[in-house]
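The analysis underlying the following values was restricted to heavy atoms, covering all of them including side chains, and did not include hydrogens, waters or symmetry mates. One is the number of the first residue; the rest follow in order along the sequence.
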Amino acid sequence: MKTGKNTIHTLDDIDLKLIDELQTDSKQSIKQLAAKINLSITPTHERIKRMELNGIIDKYVAIVKPETLGKSLIVYCQVTLLKHQEAFFKEFENYVADIDEIVEVSYIAGAYDFLLKIVLNDMSHYQDFVMKKISQLDIISNIQSSFIIKQTKNSTKISVY
C-alpha cells in the first residue's frame with residue numbers, strides 16, 4: 001500500500017483490521033482494539049506506533065457537524081487560474097492554505113484547475129467570502145460555485161479491503 005510519503009508498506013490483515021477499527025472510532029482504548037483484532041495490548045500498540053511513524057496513520061481528529069457551529073452552507077468552488085504556470089499554482093496554493101473557511105483544496109484535471117470545499121454560515125457569508133477573500137487574488141480567471149442542498153453521505157473512512 002502507498003502512504004502519503006510515497007513509500008510502499010506491506011500491511012497484513014491485522015493491520016487492515018486495526019486501521020478499519022481506528023477509522024470507525026479512534027477513541028477506543030488499546031485494550032479494546034487488541035480484543036477486536038485478537039492480539040495482546042503490546043503488539044497492538046506497536047502496530048499503531050509503526051503505522052504512525054510510517055505515515056500510514058496521518059493524524060487523529062474530532063469530526064464536528066458544521067451545522068452545530070452555525071455553518072449551514074457547504075460550497076464547492078471550481079477555480080481556473082489565468083495561466084498554467086508553476087508560480088501561479090504555488091501562489092494560489094499558498095494563498096488558500098491560510099483561509100479557515102476552505103476545508104479542502106484539490107488540484108484537478110479537467111475544465112478547472114482547483115476544487116475547493118468551503119464551509120460557511122450562510123449565503124451572505126459566501127458573498128463576503130468571495131468578495132473579500134477569494135476574488136482578491138488576481139491570478140484567478142474564473143470561479144464556478146455549486147451549493148450543497150443536502151448531503152446524503154459524508155464519510156472520512158477509507159475502505160481497507
Side-chain angles (χ1 to χ4, degrees), residues 1-11 15-28 47-161:
M1 287 195 126
K2 283 193 168 191
T3 69
K5 296 178 183 179
N6 295 325
T7 306
I8 305 239
H9 293 280
T10 303
L11 300 173
D15 289 330
L16 294 175
K17 191 170 185 179
L18 188 54
I19 290 169
D20 194 55
E21 284 295 331
L22 286 168
Q23 287 187 101
T24 301
D25 181 5
S26 65
K27 287 188 74 171
Q28 297 178 72
R47 283 174 180 265
I48 292 170
K49 288 297 170 201
R50 177 181 44 82
M51 289 189 284
E52 290 170 349
L53 288 172
N54 288 331
I56 296 164
I57 296 173
D58 188 33
K59 60 185 168 184
Y60 300 90
V61 298
I63 299 172
V64 178
K65 292 180 180 178
E67 61 275 6
T68 64
L69 300 175
K71 310 290 183 185
S72 61
L73 184 64
I74 299 173
V75 183
Y76 285 97
C77 286
Q78 298 98 350
V79 177
T80 306
L81 302 182
L82 285 172
K83 294 182 182 177
H84 287 155
Q85 294 179 345
E86 183 178 2
F88 280 28
F89 286 100
K90 287 186 185 235
E91 180 181 351
F92 181 80
E93 290 169 359
N94 290 335
Y95 181 77
V96 297
D98 294 328
I99 300 175
D100 291 335
E101 295 93 341
I102 300 173
V103 296
E104 291 180 24
V105 178
S106 299
Y107 176 41
I108 59 174
Y112 302 96
D113 298 317
F114 289 92
L115 179 65
L116 312 179
K117 182 179 180 183
I118 307 164
V119 179
L120 302 159
N121 297 343
D122 52 29
M123 195 58 89
S124 175
H125 190 187
Y126 168 76
Q127 181 181 6
D128 191 55
F129 172 84
V130 170
M131 299 302 263
K132 294 181 180 172
K133 292 189 178 178
I134 217 63
S135 66
Q136 295 299 311
L137 202 56
D138 59 3
I139 62 169
I140 294 174
S141 70
N142 186 35
I143 300 170
Q144 189 80 24
S145 297
S146 300
F147 304 94
I148 301 299
I149 295 169
K150 175 184 173 186
Q151 280 190 321
T152 58
K153 181 176 181 179
N154 183 11
S155 176
T156 60
K157 188 173 182 180
I158 298 169
S159 173
V160 297
Y161 303 105

L73 and V119: CA distance, side-chain angles, deciding distance, side chain to side chain contact (heavy atoms under 4.5 Å, CB included) verdict | CA-CA 6 Å; L73 184 64; V119 179; over 6 Å; no

Measure from the side-chain N and O atoms of T68 to the backbone N and O of V64, and report whether any donor-acceptor pair falls under 3.5 Å.
-> no

Full working for salt bridge (Lys or Arg N to Asp or Glu O under 4.0 Å) between E86 and K90 = CA-CA 6 Å; E86 183 178 2; K90 287 186 185 235; 3.5 Å; yes

Can you see which heavy atom on Y161 is nearest to which on K17, and at what distance?
-> OH-CA, 3.5 Å

Give a yes or no answer on whether the side chain of D25 reaches the backbone of K27 with a donor-acceptor pair at less than 3.5 Å.
-> yes

Going from OG on S72 to CE on M123, what distance comes out if it is rounded to the nearest 0.5 angstrom?
-> 9.5 Å

Please round to the nearest 0.5 Å and tell me the distance separating atom CE of M131 and atom OH of Y126.
-> 10.5 Å

For the pair N142 (side chain) and T80 (backbone), establish whether a donor and an acceptor sit closer than 3.5 Å, ignoring hydrogens and angles.
-> no

Under the 3.5 angstrom rule, does the side chain of Q78 hit a backbone N or O of I143 as a donor-acceptor pair?
-> no

E52 bridged to K49 by N-O distance under 4.0 Å | yes

Check the surroundings of atom CG in L69: do more than 12 heavy atoms from other residues, nucleotides or ligands lie under 6.0 Å from it?
-> yes

Start with the C-alpha gap between L22 and I48, add the side-chain angles, then the distance that decides, and say whether side chain to side chain contact (heavy atoms under 4.5 Å, CB included) holds.
-> CA-CA 9 Å; L22 286 168; I48 292 170; 4.1 Å; yes

Tell me, with the steps shown, if N154 and I63 meet side chain to side chain contact (heavy atoms under 4.5 Å, CB included).
-> CA-CA 11 Å; N154 183 11; I63 299 172; over 6 Å; no

Does the side chain of V75 reach to within under 4.5 Å of the side chain of E101, using non-hydrogen atoms?
-> no

Considering non-hydrogen atoms only, spot the tightest contact between S141 and L82 and give its length.
-> CB-CD2, 3.4 Å

Less than 4.5 Å apart, any side-chain heavy atom of I19 and any of I56?
-> yes

Nearest-0.5 Å distance, CD1 of residue I118 to CD of residue E104 | 11.0 Å

Ring pair (Phe, Tyr, Trp, His ring centres under 6.0 Å) assessment of F147 paired with Y76 = CA-CA 6 Å; F147 304 94; Y76 285 97; over 10 Å; no

May I ask you to say whether K133 pairs ionically with D128, meaning some side-chain N is under 4.0 Å from a carboxylate O?
-> no

The reported gap from CG in L11 to CG in L18 (rounded to nearest 0.5 angstrom) is 10.0 Å

Looking at D122 and K71, does any basic side-chain N land under 4.0 Å from a carboxylate oxygen?
-> no

Decide yes or no for L116 and I99: does some side-chain heavy atom of the first lie under 4.5 Å from some side-chain heavy atom of the second?
-> no

What heavy-atom pair brings D100 and V103 nearest, and what distance separates the two atoms?
-> O-CG1, 4.4 Å

Quick one: does I102's side chain get under 4.5 Å of F129's, heavy atoms only?
-> yes

Looking only at heavy atoms, the pair that brings V105 and F114 closest together is CG1-CD2, 3.9 Å

Taking everything shown except K157 itself, do over 12 heavy atoms lie less than 6.0 Å from its NZ?
-> yes

At their closest point, which heavy atom of I148 faces which heavy atom of Q151, and how far apart are they?
-> CG2-CG, 3.7 Å

May I have the step-by-step check of side chain to side chain contact (heavy atoms under 4.5 Å, CB included) for K83 and I139, ending in yes or no?
-> CA-CA 8 Å; K83 294 182 182 177; I139 62 169; over 6 Å; no

Look up atom NZ in K132 and atom CD1 in I134, then write down how far apart they are to the nearest 0.5 Å.
-> 15.0 Å

Any side-chain heavy-atom pair from D15 and R50 closer than 4.5 angstrom?
-> yes

Flag, side chain of Q23 to backbone of I158, donor-acceptor distance under 3.5 Å = yes

Heavy-atom count around Q28 CD within 6.0 Å, excluding the residue itself: above 12?
-> yes

Is the backbone N or O of C77 less than 3.5 Å from a side-chain atom of S145, with the two atoms forming a donor-acceptor pair by type?
-> no

Indicate the atoms forming the closest heavy-atom contact of H125 with N121, along with that distance.
-> ND1-N, 2.9 Å

